[in-house]
Amino acid sequence: MATGDASDPRIAGIAKSIRVIPDFPKPGILFQDITTLLLHTKAFRDTIDLFVERYQGKGISVVAGVEARGFIFGPPIALAIGAKFVPMRKPNKLPGPVIAEEYSLEYGTDKMEMHEGAVEAGEKVLVIDDLIATGGTLGAAIRLLGRVGAHVVECACVIELPELKGRDRLGDTPLFVLVSSA
Amino acid sequence: MSAYKDKDPRIHGIKARIRVVPDFPKPGIMFQDITTLLLDPSAFKDTIDLFVERYKGRNISVVAGVEARGFIFGPPIALAIGAKFVPLRKPGKLPGQVISEKYVLEYGSDCLQMHVGAVEPDDRALVVDDLVATGGTLCAAINLLERVGAQVVECTCVIELPDLKGRERLNGKPLYVLVESH
């Protein structure tokens with residue numbers, strides 16, 4: 001299942017609590033703001049529960065969360081399923097030795113870093129972010145984890161923007177989302 | 001006040017999991033790295049449990065987490081105590097209307113922002129970050145919350161650097177930490 005079961009009564013409440021902000025960060029973009037979801041305690045709890053129900057008992061030992069909004073959703077999932085939480089960060093934030101992966105932006109490139117030694121070969125990993133758009137960020141996370149020999153079992157986001165076809169840029173890695181925003 | 005002084009048996013394991021990285025971000029600084037704590041699910045759980053045990057049942061309606069490491073500890077606490085989670089962010093990240101609070105750094109200044117409408121005058125707030133050093137960031141957070149009329153009940157961090165006297169810069173608000181590092 002690629003998208004949360006639309007008939008699950010919790011999904012409607014989650015979708016309704018997401019605020020759309022026009023023209024952020026620039027004209028023409030409709031920004032999906034999850035901060036309003038975090039203000040609704042039931043919707044936030046349901047969001048985490050839906051992910052935990054899907055991922056517990058699957059031998060996942062790492063939840064990798066993409067800075068910064070992945071830091072909000074990843075740790076509660078990690079705690080509930082008994083996995084490590086590994087932050088995937090912008091350059092020069094992590095203090096120890098890191099490995100880095102470059103990825104494309106609309107204009108130019110950016111870099112994602114992970115601490116050396118945080119993830120070991122053979123570990124099963126879930127990658128979390130609040131939203132998938134072009135898939136550039138998630139693709140970089142998958143590549144970074146692959147370089148240390150870990151296996152990314154799935155990427156999970158609250159929201160997908162399907163028109164941007166990010167799902168196609170994740171290689172063989174499946175994507176699970178709760179809400180699709182066309 | 002610190003749990004370290006209370007000698008809760010879980011504290012030893014938490015402190016042991018924090019990695020000190022010398023000369024980051026610059027020579028002479030001993031950086032307290034909590035990412036290694038997050039790699040130990042049991043110690044991470046103990047960290048959250050210690051906070052939740054302290055704050056559950058005290059009618060706290062908002063957990064405000066300071067970007068970015070406050071996003072790791074704040075949401076699990078918020079979910080467990082039934083509070084809203086409100087991210088306090090660097091400029092330009094929050095998409096909606098914001099209020100801003102400037103604060104002084106060692107060199108220059110920075111700014112913390114909060115969404116308008118996220119916090120209301122009758123809210124009772126807990127401020128969360130991974131570490132308190134000089135107290136500048138926490139002070140800005142307190143100011144933001146008080147400016148919208150909320151009551152800041154306490155600030156809480158995993159780690160305090162007591163030699164930097166941040167505790168004295170919190171407008172009289174109490175500070176609770178799990179671990180001190182001299």
Side-chain angles (χ1 to χ4, degrees), chain A residues 19-25 29-49 61-65 67-87 89-90 92-98 114-115 117-120 130, chain B residues 19-25 29-49 61-63 65 67-90 92-98 114-115 117-120 123:
Chain A
R19 173 171 67 162
V20 179
I21 298 199
D23 303 320
F24 184 89
I29 307 267
L30 291 175
F31 190 90
Q32 304 285 324
D33 178 21
I34 51 89
T35 68
T36 43
L37 183 160
L38 308 175
L39 299 179
H40 290 90
T41 51
K42 181 180 189 306
F44 187 19
R45 195 170 320 118
D46 287 346
T47 302
I48 300 302
D49 285 350
S61 56
V62 178
V63 174
E67 164 163 23
R69 290 182 289 264
F71 289 9
I72 296 173
F73 297 98
I77 299 167
L79 286 160
I81 70 174
K84 306 189 279 198
F85 178 71
V86 174
R89 297 211 68 173
K90 295 280 160 85
N92 307 311
K93 303 290 187 72
L94 293 170
V98 295
M114 177 174 78
H115 266 148
V119 179
E120 289 166 1
D130 66 321
Chain B
R19 172 171 67 165
V20 180
V21 182
D23 302 320
F24 184 90
I29 307 267
M30 302 290 279
F31 190 91
Q32 304 284 323
D33 179 20
I34 51 88
T35 68
T36 42
L37 171 65
L38 310 176
L39 298 179
D40 181 341
S42 166
F44 185 22
K45 181 180 182 305
D46 285 345
T47 303
I48 300 303
D49 285 349
S61 53
V62 173
V63 173
E67 164 163 26
R69 290 181 291 263
F71 288 9
I72 296 173
F73 298 97
I77 299 168
L79 286 160
I81 69 174
K84 306 186 278 197
F85 178 72
V86 173
L88 304 182
R89 299 210 67 175
K90 295 287 163 78
K93 306 288 188 74
L94 291 170
Q97 219 188 334
V98 295
M114 180 171 77
H115 266 149
V119 175
E120 287 164 352
D123 273 322

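First the proteins, then the strands, lettered A, B, ... as listed; each starts at 1.
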Once you round to the nearest 0.5 Å, how far does CE of B/M114 lie from OG1 of A/T35?
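Going from the CE atom of B/M114 to the OG1 atom of A/T35 covers 11.5 Å.
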
Quick one: pull up CG in A/L38 and NE2 in B/H115 and give me the separation to the nearest 0.5 Å.
10.5 Å

Considering non-hydrogen atoms only, spot the tightest contact between [X] and [Y] and give its length.
X     : Y     : result
A/P97 : B/R19 : CD-NH1, 4.3 Å
A/N92 : B/F24 : O-CZ, 3.6 Å
B/G82 : A/T41 : O-CG2, 3.5 Å

Residue [X] versus chain B: region with a heavy atom under 4.5 Å:
X     : result
A/L94 : both
A/P95 : both
A/K93 : backbone
A/A83 : backbone
A/F31 : side chain
A/D23 : neither

Could you tell me which portion of B/L37 (side chain, backbone, both or neither) has an atom closer than 4.5 angstrom to a non-hydrogen atom of chain A?
neither

Contact part of B/F31 toward chain A, heavy-atom cut-off under 4.5 Å: side chain, backbone, both or neither?
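Contact with chain A is through the side chain of B/F31 alone.
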
Which one of A/H40, A/E67, A/R19 has the most heavy-atom pairs closer than 4.5 Å to chain B?
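If we count pairs closer than 4.5 Å to chain B, A/R19 comes out on top.
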
Among B/F44, B/F71, B/F73, whose side chain to side chain contact (heavy atoms under 4.5 Å, CB included) with A/P75 holds?
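In the set B/F44, B/F71, B/F73, the residue that makes a side chain to side chain contact (heavy atoms under 4.5 Å, CB included) with A/P75 is B/F44.
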
Going through the checks in order, is the side chain to side chain contact (heavy atoms under 4.5 Å, CB included) test met by A/L39 and B/V86?
CA-CA 7 Å; A/L39 299 179; B/V86 173; 3.7 Å; yes

Going through the checks in order, is the side chain to side chain contact (heavy atoms under 4.5 Å, CB included) test met by A/V86 and B/L38?
CA-CA 7 Å; A/V86 174; B/L38 310 176; over 6 Å; no

Which one, B/L79, B/V21, B/V62, B/V119, leads in non-hydrogen pairs under 4.5 Å with chain A?
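Top option by heavy-atom pairs under 4.5 Å: B/L79.
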
Quick one: of B/G65, B/A68, B/P41, B/P95, who has the most non-hydrogen atom pairs under 4.5 Å with chain A?
B/P95

Check the surroundings of atom NZ in B/K93: do more than 12 heavy atoms from other residues, nucleotides or ligands lie under 6.0 Å from it?
yes

Any side-chain heavy-atom pair of B/D33 and A/H115 under 4.5 Å:
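B/D33 reaches A/H115 side chain to side chain.
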
